[in-house]
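Below is one structure, written out as structure tokens, with a few remarks after it.
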There are 2 protein chains.
Amino acid sequence: MSSERSYKIGELSRMFGLTARAIRYYEELGLLESEDRDGPEHRRYSERNAVRIKRIQQLKDYGLTLAEIHELFELARRDRSGDSVRKSLAEKYHARLDEARKRRQAIDEYIDDLSWHVEQLERVQDFFECPGASCADCRWAERCDVRLLVSKGV
Amino acid sequence: MSSERSYKIGELSRMFGLTARAIRYYEELGLLESEDRDGPEHRRYSERNAVRIKRIQQLKDYGLTLAEIHELFELARRDRSGDSVRKSLAEKYHARLDEARKRRQAIDEYIDDLSWHVEQLERVQDFFECPGASCADCRWAERCDVRLLVSKGV
DNA sequence: ATCTAAATTGACCTTTAACGTAAAGTTCTG
DNA sequence: CAGAACTTTACGTTAAAGGTCAATTTAGAT
């Protein structure tokens, strides 16, 4: 058995590249627990709590907010073995995945569009903006369907 | 020649599902230009500016901020004639493309990682938090390198 | 015992984007 | 001329994740 080492806030701060304030803030939110103190002694965090910080950072990287992470932690605490935790976590993950896929699609479209612009840049004179006096001769017709809106007389 | 029709702010607002405030805000940012007025008459927007709104919405959907859109508009305005400027604009575009491709790659990695977690979720029992009394037996070792940090005694 | 670095609490502050909202007055349209 | 639509100015909103004092206290080393 390894003797339980404990960490001071400054150590953790250096380990994870966080400020002490951030760590205290995590604790304030209930994401971490320092060992019991009587009075205002320096905080001590167990190794388990150090690991938690790493975990928090992972989840944060995955786009979860601290509130969501807290929610997950609470679920896990309440139901150490239960399927409910697993289920809710799976839901969260899937939601994030969908979101991410959407974002990727948006970026792909953006890239397409920008590529198209670059092409136009090399070929067309008035390349950026609908050049027609009226939208009737809009060269951008395929990408700019305002003509339809206008003709509908909305 | 079609007679230049002009639009009042309320018309545009209905056409594009924006509030008048939003449209005024766009103008305030320099994204739109209403026709010249003497005094506080009602704004009139040319058809060209109506088209611009559509364009703004497109770019917004692609994830650009209004500031970025403004930047693009400015670039385009400055380029209106010269080839050299066109070239620098092309460079800007290419830079943005690179940027976007990088962002896409990051998102792909993120998706991979999340997918991995989802898999684990379905296979591992103690899936949530490093279960070891000490990090030495952390099942998450490959993805959770806190062990390294700890052993470094940072 | 002292010195100093490191920590403590509490309270307010910051940042950003893209508008919302109110108020009080003016212009346009039928 | 009614009243809808519009004008300007200017402050408010939203939330997340800490930042920044400030005054004090503790921990650990000499």
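Lettering follows sequence order; numbering is per chain, from 1.
Residue contacts shown for B/R24 include a base, since a base heavy atom lies under 4.0 Å away.
The cationic atom of A/R52 (NZ for Lys, CZ for Arg) lies less than 6.0 Å from the six-membered ring centre of A/F73 and within 45° of the ring axis.
At whole-Å resolution of the value, CD1 in A/I9 and P in D/dG28 are 15 Å apart. If you take CD of A/E28 and P of D/dA16, they are 14 Å apart, rounded to a whole angstrom. We find that CZ of B/R37 is positioned 14 Å from C1' of C/dC28, with the value rounded to whole Å. Between the CD1 atom of A/I56 and the P atom of D/dA16 there is a distance of 16 Å, rounded to whole Å. Rounded to an integer number of Å, the gap from CZ of B/F16 to C1' of C/dA18 is 18 Å. Whole-Å rounding puts the B/R44 CZ to C/dT29 C1' distance at 11 Å. Taking atom CD of residue B/E35 and atom C1' of nucleotide D/dT7, one finds them 17 Å apart after rounding to whole Å. A/Y7 has its OH atom 19 Å from the C1' atom of D/dA27, to the nearest Å.
One finds a side-chain N or O of A/T19 lying less than 4.0 angstrom from the OP1 or OP2 phosphate oxygen of D/dG19. Listed pair A/Y26 / D/dA17 fails the phosphate criterion, with no side-chain N or O lying under 4.0 Å from OP1 or OP2. A/R43 has no side-chain polar atom (N or O) that falls below the 4.0 Å cut-off from OP1 or OP2 of C/dA7. In terms of phosphate contacts, B/K60 brings a side-chain nitrogen or oxygen within less than 4.0 Å of OP1 or OP2 of C/dC19. One finds no side-chain N or O of A/T65 lying less than 4.0 angstrom from the OP1 or OP2 phosphate oxygen of D/dA15.
Few gaps surround CD on B/E71; more than 12 heavy atoms of other groups in view lie less than 6.0 Å from it. Heavy atoms of other residues, nucleotides or ligands lying less than 6.0 angstrom from CD of B/E35 number more than 12.
Between A/L18 and B/R21, the residue anchored closer to the 5' end of DNA chain D is B/R21, taking for each the nucleotide with the nearest heavy atom. Summary of the strand contacts: B/K8 and B/L29 both lie near DNA chain C, and taking for each the nucleotide with the nearest heavy atom, the more 5' one is attributed to B/L29.
A side chain to side chain donor-acceptor pair (under 3.5 Å) with A/S34 is found for one member of A/R44, A/E27, A/H42 and no other, namely A/E27.
Heavy atoms only, all atoms of each residue included: B/I23 and B/S13 are closest at CD1-N, 3.6 Å.
When distances are taken from the side chain of A/H42 to each of D/dA27, D/dT7, C/dA18, the shortest belongs to D/dA27.
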